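Quick caveat, the model's predicted, so the values are computed rather than measured. Numbering of residues begins at 1 and proceeds along the displayed sequence.
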Amino acid sequence: MKQGVFVFVSLVLMVLFCVPVFGQPSLKSVETISIDNFDTADEMGWTWDYQASRFVTEGYPKVGYFNGMPSSLIHLRKDGDPEAKVLGVKILFDRKGDNWFEVFPTTTGDDGEVKNHEIPLIGNVNQIDFWVWGANYLYFLEVLVRDAEGRVHVIPACNTAFDGWRNIVVTMPTYIRQQSRMRSGPEMLSFVGFRVRTDPNEYVDDFLIYFDNLKYTTNILENIYDGYELRDADFGSDEGTSTARASGTGTAVQGGGEK
């Protein structure tokens with residue numbers, strides 16, 4: 001009899017603890033967001049520029065868009081998609097050594113000045129994902145990001161000692177601060193660009209590299225909290241009068257009290 005009671009109680013406990021709990025809102029919303037697929041360069045709001053170390057051959061790097069894409073991505077294309085393109089870079093150096101070059105997005109202001117354009121990455125970023133075409137040279141590819149405290153971090157991605165396309169997934173290190181506790185600080189991580197470094201003993205003539213389908217995976221709800229929109233409330237000017245607006249109206253509060 002006691003054994004039967006024990007079995008019955010055990011079954012009840014199993015039911016209670018194994019039944020799934022419904023109605024629990026998820027605190028995560030993992031999304032994959034495209035940064036640039038290089039197919040619609042005129043619509044992105046930025047262009048890709050470059051810089052290189054001192055021994056770069058005159059006239060290089062050369063950067064441009066070329067028809068093509070990794071074979072693994074062809075099945076994802078739909079009727080009406082623009083022609084598939086990739087971002088390509090060709091570079092030569094005058095001597096072996098610690099050579100490098102960078103490729104990064106820029107914008108041109110109304111005054112014609114070209115400025116670096118760091119692309120904001122919303123949420124809590126888990127990884128950056130892209131395709132790269134290697135020329136089987138022992139060069140080293142790195143991803144540059146700026147954290148929420150203004151520091152630029154260099155994240156190793158891969159070497160390019162392979163032929164053809166390869167999908168590269170870069171896991172975001174946990175030591176990189178993605179949100180600042182200061183309200184006046186940057187609100188999110190940003191993508192700065194790519195850097196490629198040569199091995200000191202590798203050939204430095206006629207190197208090619210291509211990029212495609214640059215994107216990132218992020219938890220977009222990680223840093224959203226009840227009342228998040230109040231971070232950007234408009235308190236007016238700094239000349240003694242501040243205005244708090246809600247639902248399109250505001251109340252001006254004059255300092256100093258009633259006279």
Side-chain angles (χ1 to χ4, degrees), residues 30-52 61-91 100-109 113-135 139-147 152-158 160 164-172 176 178 186-196 207-220:
V30 178
E31 303 284 349
T32 298
I33 300 175
S34 175
I35 297 175
D36 199 339
N37 61 13
F38 308 106
D39 296 344
T40 54
D42 297 336
E43 302 175 9
M44 296 309 300
W46 61 74
T47 57
W48 290 85
D49 209 338
Y50 54 85
Q51 62 181 5
K62 295 182 178 181
V63 177
Y65 294 93
F66 300 86
N67 294 337
M69 68 184 307
S71 297
S72 298
L73 300 180
I74 292 176
H75 73 284
L76 299 178
R77 294 188 59 79
K78 302 175 182 177
D79 292 340
D81 283 349
E83 188 173 17
K85 293 184 179 296
V86 299
L87 179 70
V89 183
K90 181 176 183 178
I91 194 165
W100 57 266
F101 69 92
E102 295 177 350
V103 186
F104 47 87
T106 62
T107 55
T108 303
E113 183 180 0
V114 177
K115 299 180 180 179
N116 289 11
H117 176 70
E118 298 181 5
I119 301 171
L121 309 179
I122 65 173
N124 187 35
V125 177
N126 302 315
Q127 61 189 33
I128 295 177
D129 182 323
F130 55 92
W131 286 79
V132 62
W133 187 97
Y139 289 6
F140 301 93
L141 175 61
E142 301 165 336
V143 173
L144 308 179
V145 298
R146 188 181 300 277
D147 70 16
V152 173
H153 296 266
V154 179
I155 307 174
C158 66
T160 61
W165 288 106
R166 182 171 294 183
N167 183 219
I168 304 300
V169 178
V170 178
T171 300
M172 190 60 56
I176 295 180
Q178 298 197 36
E187 293 188 10
M188 58 194 70
L189 193 71
S190 61
F191 174 82
V192 176
F194 294 107
R195 177 186 292 164
V196 179
F207 176 73
L208 296 174
I209 190 170
Y210 298 92
F211 299 95
D212 198 17
N213 204 31
L214 174 61
K215 57 186 184 295
Y216 67 100
T217 302
T218 180
N219 178 5
I220 61 175

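Here Ile33 contributes atom CD1 and Leu121 contributes atom CG; the two are 8.5 Å apart, rounded to the nearest 0.5 Å. Interatomic distance, Phe38 CZ to Tyr210 OH, rounded to the nearest 0.5 Å: 13.5 Å. The distance from the NE2 atom of His153 to the CD atom of Glu142 is 14.0 Å, given to the nearest 0.5 Å. In this structure, the separation between OG1 on Thr218 and CE on Met188 is 9.5 Å, given to the nearest 0.5 Å. With values rounded to the nearest 0.5 angstrom, Asp49 atom CG is found 14.5 Å from Lys115 atom NZ. Atom CG in Asn219 sits 10.0 Å away from atom CD in Gln178 (nearest 0.5 Å).
Residues Leu73 and Trp165 fail the side-chain proximity criterion, which asks for heavy atoms closer than 4.5 Å. Side-chain atoms of Ile128 and Leu214, non-hydrogen and from C-beta on, do get closer than 4.5 Å to each other. In this structure, Pro105 and Ile119 have side chains that are in contact, with non-hydrogen atoms separated by less than 4.5 Å. Using a 4.5 Å heavy-atom threshold, the side chains of Val145 and Tyr216 count as separate. For the pair Ile176 and Ile155, the minimum side-chain heavy-atom distance is below 4.5 Å.
Minimum heavy-atom separation, Phe211 to Val132: CE2-CG2, 4.1 Å. Nearest approach of Ala84 to Met69, heavy atoms of both residues: CB-SD, 3.7 Å. Closest approach of Val192 to Phe104, counting heavy atoms only: O-CB, 3.3 Å. Residues Ile168 and Cys158 come closest through the heavy atom pair CD1-SG, 3.8 Å. Ala135 approaches Leu208 most closely through the heavy-atom pair CB-O, 3.4 Å. Closest non-hydrogen pair, Ile91 versus Pro61, comes out as CD1-CG, 3.6 Å.
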*Does the side-chain hydrogen bond (donor to acceptor under 3.5 Å, both in side chains) test come out yes or no for Asp129 and Asn167, once each step is laid out?*
CA-CA 7 Å; Asp129 182 323; Asn167 183 219; 2.9 Å; yes
_Checking Phe207 against Thr160 for the side-chain contact (heavy atoms from CB on, under 4.5 Å) test, could you report, in this order, the C-alpha distance in whole Å, the side-chain angles of both residues, the deciding distance, and whether it holds?_
CA-CA 10 Å; Phe207 176 73; Thr160 61; 3.8 Å; yes
*Mind running side-chain contact (heavy atoms from CB on, under 4.5 Å) on Val86 and Trp133 for me, showing each step along the way?*
CA-CA 10 Å; Val86 299; Trp133 187 97; over 6 Å; no
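Within the structure, every pair that satisfies the salt bridge (Lys or Arg N to Asp or Glu O under 4.0 Å) test and touches residues 64-91, not counting sequence neighbours, is listed here: Asp39-Arg77, Lys90-Asp206.
Taking the six-membered ring where the residue is Trp, Phe194 and Trp48 present parallel rings, their angle staying beneath 30° rather than reaching 60°.
Each of Thr107, Thr106, Asp36 was evaluated against Trp46; a single residue qualifies, Asp36, per the side chain to side chain donor-acceptor pair (under 3.5 Å) test.
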